[in-house]
Structure formats: structure tokens, C-alpha cells
Amino acid sequence: MHDVAVVGGGSVGVFAALLLARQGLDVVVWERRAAPPEQSRAIGIHPPSLRAFDAVDLADDIVAGAVRITDAEARGSGRTLGRLSFARVDTRYPFVAARPQSETERLLRARLASVAPDALRLGVEALSLEQTAEHVVLRGSGPDGPAEVAARFVLAADGARSTVRRLVGISAPASERGDHYAMADVRDDTGDGERAVVSLEGAGVVESFPLPGGVRRFVVATPVPADGASVETVARLVAERTGLALDPSTGTMSSSFTVRTRLATSTVAGRVVLIGDAAHQISPIGGQGMNLGWLDAEAVAPVIGRALRRAGGRRLDPQLFAGYEEARRRSAHRAARQAQVNTALGRPCGPVALAARRTVIRLGLGLPTSGLLAATYAMRFV
């Protein structure tokens with residue numbers, strides 16, 4: 001009998017397992033993928049997440065291999081509209097750390113292996129779940145055939161299409177507003193160094209973020225779904241809107257996505273707790289989704305620790321998770337609203353609306369309250 005079974009061995013699930021293992025709890029992690037992650041995917045690590053990583057002695061290692069984004073610049077038609085500094089958003093981490101998610105995930109897995117060597121089980125997919133008064137039984141399939149595990153509690157970190165969420169009967173309606181994006185990682189020839197740049201253009205926003213190794217990620221709004229968008233497509237759109245010439249031959253990754261918001265109607269069902277995208281899928285614009293999942297893990301770990309101290313976890317008090325669930329619900333809704341604002345600012349628009357949008361941005365970045373705006377984007381209030 002394990003204390004906790006985590007379904008989903010991505011960065012959120014592994015971080016949750018690591019926090020629990022550091023409490024001395026017996027943890028097992030089921031991860032459907034058999035191979036380690038390779039694509040960069042999410043890249044921004046905000047100050048609250050870095051502080052959470054301090055608890056497992058990983059923050060310094062993550063920052064050491066990251067680009068420290070200390071400010072962002074808004075532009076329009078090649079001219080600067082204003083700048084946003086992150087210098088005062090956190091005393092210890094006055095920046096957003098940019099590093100490919102695949103690298104962060106490898107660090108988390110290595111740290112988990114040092115604390116709980118046999119916890120992570122790759123190639124195992126959860127297929128069914130049964131709750132009893134004292135524990136949960138997970139059944140699935142793995143490399144060697146059927147798999148089964150029993151645990152006092154289950155954390156579901158298995159993504160936006162969570163199998164566990166479906167098995168416990170929690171709904172999570174998805175909404176789309178017709179916003180589509182393409183992105184690519186290419187050699188950074190911009191001269192913008194460690195600065196993030198957001199260009200507000202009539203045809204749609206162009207965002208770029210520095211990455212380690214002289215690489216920069218470009219994200220562009222597209223009028224229609226850009227399924228399987230190539231580096232060449234992203235380079236063409238960037239050139240048309242900003243005049244920047246990217247070299248597609250230096251591309252290391254390209255992808256596309258449609259913005260979806262998906263908030264679970266509840267995140268706790270008996271002994272099962274949803275975290276990360278299983279609980280709330282947020283627009284990638286603004287880089288909040290992955291960080292929100294890490295903060296879920298940070299918040300739920302001590303609650304589970306307390307639950308396991310009550311008769312060894314056999315006696316479940318339904319109210320024990322009530323405060324956690326409400327606090328994370330508020331955080332998810334705040335993040336979703338912020339993501340909607342970020343997305344709306346980047347939509348294609350006509351000349352009049354574009355001029356008004358740029359004026360609002362220029363004024364907002366020029367006010368003394370711009371520090372509050374920086375703190376909001378750096379997730380201080382999430």
C-alpha cells in the first residue's frame with residue numbers, strides 16, 4: 001500500500017511526487033510515455049515556481065541553465081511602446097527564467113530518482129480506478145502487461161484530457177474563442193538579448209522570448225488553425241509583420257495550438273485530487289499553465305501529509321481539502337482571466353482598434369502602477 005499514487009509523470013506530476021517523497025511518504029508515479037521528453041514546449045518559469053523549487057533544492061540548478069528575462073518590451077510597427085521590468089517582482093528571483101520544459105523535466109526526474117529511486121514507472125497507462133473507504137486502487141497496462149497499485153490517495157496530473165478526471169466523473173467543459181497560434185524556436189539574430197518582445201500588429205501579435213544557447217522562440221497569432229505549422233511558416237509571418245528576417249534552417253522546433261480554456265467543475269473527488277492541466281487548462285499565452293500546476297503541487301502536498309497523519313490515512317475528512325480546493329479554484333480563475341486579456345491583446349484588428357490598443361499599452365507601461373502589472377504577469381498573485 002503506497003501513501004500516494006501520482007498519475008502523470010510530466011513536470012507537474014514529478015514535482016508533486018518529489019515534494020511528497022521529501023516528506024518521507026511512499027510515492028509511485030505512473031507515466032504513459034515510455035521515452036523521456038524531447039521537445040521544448042513550455043519555457044517560462046515564474047518567481048513563485050522558483051520559490052517552490054527551493055523546497056526541493058532545485059531552483060539554483062534550474063536558474064543556472066536558464067536565460068533570466070528581466071524585462072519585456074512592447075512594440076508596434078517597429079517602434080517601442082514601453083517596457084515592463086521584473087526587477088521588483090521578487091526579492092530573490094527578480095526575473096522570469098526561460099528554459100525548455102524538457103530540460104526542467106529531466107532535472108525533476110533526476111532529483112526524484114535520488115530521493116525515491118523506484119517511484120517513476122514509465123510506459124504505464126491508467127485505465128480504471130476504484131475508491132474504497134480507506135484507499136484507491138488503480139489498474140492499467142504497462143510494458144509487462146496489466147498493472148495494479150493501491151494507495152491512500154491519488155493525484156491526477158495526467159493533462160487536459162485526464163483519464164482520471166473522467167474515471168471519477170468530474171466534468172471540465174472546454175471553451176474556445178477562435179484564437180490560433182504557431183510557434184518556432186530558431187537562432188536568435190534579433191539583437192534583443194535577454195529581453196522578451198511583444199509586437200502588436202494589425203495582422204496579429206508576434207511574441208519572442210530568449211532561450212539558452214542563442215535560441216529565441218517566436219509565437220505568432222494566425223487567422224486559422226495552423227496545424228503542423230513549419231518553421232518556414234513562422235518565419236514568413238514574422239517577416240511580414242515585423243520585418244525581422246529569421247533563418248528557418250536554424251529551427252529546432254515548430255508547433256501550433258488553438259487556445260482552449262478548460263476548468264474542472266471540482267478538483268477533489270474523495271481520495272482523488274486533480275492538479276495541473278487535469279484541473280485547469282489555461283491558454284499558453286502568458287506562460288501560466290505549467291507554473292499553475294507546480295503551484296497546485298506545492299499547495300496540495302502538505303494537505304496530503306496532514307491527511308496521512310490521521311489514522312495512517314485510513315480515515316478521510318472530506319473538509320480537509322476544502323480550503324485547498326477553494327484557494328486553487330480562485331487562482332485558476334485569476335489565471336484564466338489574465339490569459340484571456342493576453343490573448344485579446346494579440347488578436348488581429350483594424351487600424352483604429354490597433355491604434356487604440358497601442359495607446360492603452362503605451363499609457364499602461366508609462367504609469368507608476370506598471371510595477372503592479374509586472375507582478376501580475378510574473379504570477380505574484382496566483
K.L.:
For Arg236 and Thr233, test the side chains for any donor-to-acceptor distance below 3.5 angstrom and give the result as yes or no.
P.N.:
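Looking only at side-chain atoms, Thr233 and Arg236 do not form any donor-acceptor pair under 3.5 Å.
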K.L.:
Assess the pair Phe86 and Tyr93: is the distance between their ring centroids shorter than 6.0 Å?
P.N.:
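Not under 6.0 Å, so no.
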K.L.:
Using only heavy-atom distances, determine whether the side chains of Ser77 and Arg358 contain a donor-acceptor pair under 3.5 Å.
P.N.:
yes
K.L.:
What closest approach, in Å, do Pro212 and Ala66 show between heavy atoms, and which atom pair accounts for it?
P.N.:
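Answer, listing the atom of Pro212 first, then Ala66: CG-CA, 4.1 Å.
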K.L.:
Group every Ile, Leu, Val, Met, Phe, Trp and Tyr by side-chain heavy-atom contacts under 4.5 Å, then state whether Val4 and Val124 land in the same group.
P.N.:
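Unlinked, Val4 and Val124 end up in two clusters.
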K.L.:
Measure the acute angle between the ring planes of Tyr181 and Phe257, then classify it against the limits of 30° and 60° as parallel, tilted or perpendicular.
P.N.:
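Aromatic pair Tyr181/Phe257 classed parallel.
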K.L.:
Got a donor-acceptor contact below 3.5 angstrom from the Asp54 side chain to the Ala59 backbone?
P.N.:
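The answer is no, because no donor-acceptor pair under 3.5 Å joins these two groups.
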K.L.:
Any carboxylate oxygen within less than 4.0 angstrom of a Lys/Arg side-chain nitrogen, looking at Arg22 and Asp57?
P.N.:
yes
K.L.:
Do you know the tightest heavy-atom contact between Leu345 and Leu200?
P.N.:
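So the minimum-distance heavy-atom pair works out to O-CD2, 3.6 Å.
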K.L.:
Got a donor-acceptor contact below 3.5 angstrom from the Glu130 side chain to the Val137 backbone?
P.N.:
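Checked: no pair found.
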K.L.:
More than 12 foreign heavy atoms under 6.0 Å from CD of Gln319: is that the case here?
P.N.:
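At most 12 heavy atoms, drawn from other residues, nucleotides or ligands, come within 6.0 Å of this atom.
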K.L.:
Closest heavy-atom contact between Val186 and Gly251?
P.N.:
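So the minimum-distance heavy-atom pair works out to CG1-CA, 3.9 Å.
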K.L.:
Please determine if Arg216 and Asp247 form a salt bridge, counting it only when a charged side-chain N lies under 4.0 Å from a carboxylate O.
P.N.:
no
K.L.:
If you count heavy atoms of other groups shown closer than 6.0 angstrom to CZ of Arg262, is the number above 12?
P.N.:
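Enclosed: over 12 neighbouring heavy atoms sit under 6.0 Å from CZ of Arg262.
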K.L.:
May I ask you to check whether Ser49 and His46 show a side-chain donor-acceptor distance below 3.5 Å?
P.N.:
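There is no such pair (donor and acceptor under 3.5 Å, judged by atom type) between the side chains of Ser49 and His46.
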K.L.:
Could you tell me whether Arg139 atom CZ has more than 12 heavy atoms of other residues or ligands within 6.0 Å of it?
P.N.:
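Counting other residues, nucleotides and ligands, CZ of Arg139 exceeds 12 neighbours.
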K.L.:
Is there a salt bridge (Lys or Arg N to Asp or Glu O under 4.0 Å) between Glu105 and Arg109 once you walk through the steps?
P.N.:
CA-CA 6 Å; Glu105 198 165 310; Arg109 286 188 175 192; 3.7 Å; yes
K.L.:
Kindly compute the distance separating CG (Asp185) from CZ (Arg41), expressed to the nearest 0.5 Å.
P.N.:
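CZ of Arg41 is found 12.5 Å from CG of Asp185.
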K.L.:
Testing the 3.5 Å rule here: is there a donor-acceptor pair between the side chains of Thr80 and Glu73?
P.N.:
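The criterion, which ignores hydrogens and geometry beyond distance, is satisfied for Glu73 and Thr80.
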K.L.:
With rounding to the nearest 0.5 angstrom, report the CZ to OG distance, Arg166 to Ser171.
P.N.:
14.0 Å
K.L.:
Can you tell me how far the CD atom of Glu103 sits from the CD1 atom of Ile43, to the nearest 0.5 Å?
P.N.:
11.5 Å
K.L.:
With a 4.5 Å limit on heavy-atom distance, are the side chains of Ile170 and Thr265 in contact?
P.N.:
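Result yes, sub-4.5 Å side-chain heavy-atom pair found.
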K.L.:
Considering only heavy atoms from C-beta outward, does the side chain of Val67 approach that of Phe209 to under 4.5 Å?
P.N.:
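In short, these two side chains do not touch, never coming nearer than 4.5 Å.
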K.L.:
Does atom CZ of Arg33 have more than 12 heavy-atom neighbours, drawn from other residues, nucleotides or ligands, at distances under 6.0 Å?
P.N.:
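Count over threshold, so yes.
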K.L.:
Can you tell me if Thr104 and Arg99 form a side-chain donor-acceptor pair at under 3.5 Å?
P.N.:
no
K.L.:
Decide, yes or no, whether a salt bridge links Arg330 with Glu326 under the criterion of side-chain N to carboxylate O below 4.0 Å.
P.N.:
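Looking at Glu326 together with Arg330, the answer is yes, because their closest N to O distance falls below 4.0 Å.
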K.L.:
For salt bridge (Lys or Arg N to Asp or Glu O under 4.0 Å), just list the numbers for Asp61 and Arg106, CA-CA rounded to whole Å, side-chain angles, deciding distance to a tenth of an Å, and then say yes or no.
P.N.:
CA-CA 11 Å; Asp61 290 341; Arg106 278 194 288 270; over 6 Å; no
K.L.:
Please answer whether the main-chain N or O of Ala278 pairs with a side-chain N or O of Arg165 as donor and acceptor at a distance below 3.5 Å.
P.N.:
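Pair found, side chain donor or acceptor close to backbone of Ala278.
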